[in-house]
Every structure is written in C-alpha cells, then in structure tokens.
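So the structure is just underneath, and the comments pick up after that.
Please read all numbers here as calculations on a predicted model, not as lab measurements.
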Amino acid sequence: MAKTSAIYREKKRQRLVATHAVRRAELVKVIKDPEATLEEKDAAYKSIQKMPRDASSSRLHNRCSITGRPKGYSRRFGISRLVLRRLAHEGQLPGVRKSSW
C-alpha cells in the first residue's frame, strides 16, 4: 500500500490538470500557431508560466486504483501487476484466465 499522502497528491494533480486543461490548450495553440505574432506568443508563454506547475499533464503518474502502487501499472485494467495477478487467480477479472501450455 502506498503512502496516503502520495495518493492524495496525485489526485490533487489530476484535479489541477482537469481545471486548467482548456486554458492551457488555448495557450499552447497560440504558441504553436505559425501566424501568431511574437507579442502574442510571449504573452502566452508568460501565462503558462504563471499557472501551477502541477497543472501540466506530463506531471501525472499512473497509480493502481486499489493500492496506489506507482510501478507495475497495467493500463488496460488500471491496477498494478500484483493486484492483477491476485484478482485473476480469484476469477474476478472478466476475460482473464491463467495460461498453461
């Protein structure tokens, strides 16, 4: 089980990314626009720099939804490899079977 502070920190980052996503996308669009003037791009850069650092989606990290484990994450199920194995053995994941050959 991960520290609860780490789990809450990640949830806080997810909320920040969601709240600033639209404004951030508009500013990035201005920055990448080849027809925008230098003054517009400069203003967009400054606006992005004033936003919270955690509002960037690149600062998010996938965590297991059950234990909060940051490593060994399976995107398909949203859980870590350890929980995936346990739930698969218990038969709680639909469509997942133990392989044998």
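Legend: residues meeting side-chain contact (heavy atoms from CB on, under 4.5 Å) with Phe77, ordered by chain and number and at least two apart, are Ser74, Ile79, Leu84, Leu93, Val96. Under the salt bridge (charged side-chain N to carboxylate O under 4.0 Å, His left out) criterion, Arg23 pairs with Glu26, sequence neighbours left out. Checked against side chain to side chain donor-acceptor pair (under 3.5 Å), Ser56 has the following partners two or more places apart in sequence or in another chain: Ser58. Evaluation of the salt bridge (charged side-chain N to carboxylate O under 4.0 Å, His left out) rule for Arg59 yields Asp54 as partners, not counting sequence neighbours.
Counted within 6.0 Å of CZ on Arg85, heavy atoms from surrounding residues, nucleotides or ligands total 12 or fewer; the atom is thus considered open.
Under a hydrophobic-cluster definition in which Ile, Leu, Val, Met, Phe, Trp and Tyr are linked whenever side-chain heavy atoms come within less than 4.5 Å, directly or via other members, Tyr45 and Met51 are assigned to the same cluster.
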task: Quick one: do Asp33 and Lys29 satisfy side chain to side chain contact (heavy atoms under 4.5 Å, CB included)? Show the steps, please.
output: CA-CA 6 Å; Asp33 183 20; Lys29 190 175 182 181; 5.9 Å; no
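Expressed to the nearest 0.5 Å, how far NZ of Lys41 lies from CG of Leu27 amounts to 13.5 Å.
The minimum heavy-atom distance linking Arg24 with Ala55 is given by the pair CD-O, 3.7 Å. For the pair Pro70 and His61, the tightest heavy-atom approach, listed with the atom from each and the gap, is O-CE1, 3.0 Å. The two residues Ala6 and Arg63 come nearest to each other via the heavy atoms CB-NH2, 3.5 Å.
A donor-acceptor pair is defined here as one N or O able to donate and one able to accept, closer than 3.5 Å; such a pair exists between the side chain of Glu40 and the backbone of Thr37. A donor-acceptor contact shorter than 3.5 Å is absent between the side chain of Ser80 and the backbone of Cys64.
Remark: Asp42 engages Lys46 in a salt bridge, criterion side-chain N to carboxylate O under 4.0 Å.
The closest side-chain heavy-atom distance from Ile7 to Lys3 is not below 4.5 Å.
Under a 4.5 Å side-chain heavy-atom criterion applied to ILVMFWY residues, the cluster that includes Leu60 comprises Val17 as well.
For the salt bridge (Lys or Arg N to Asp or Glu O under 4.0 Å) condition, no pair includes a residue of residues 64-75, sequence neighbours left out.
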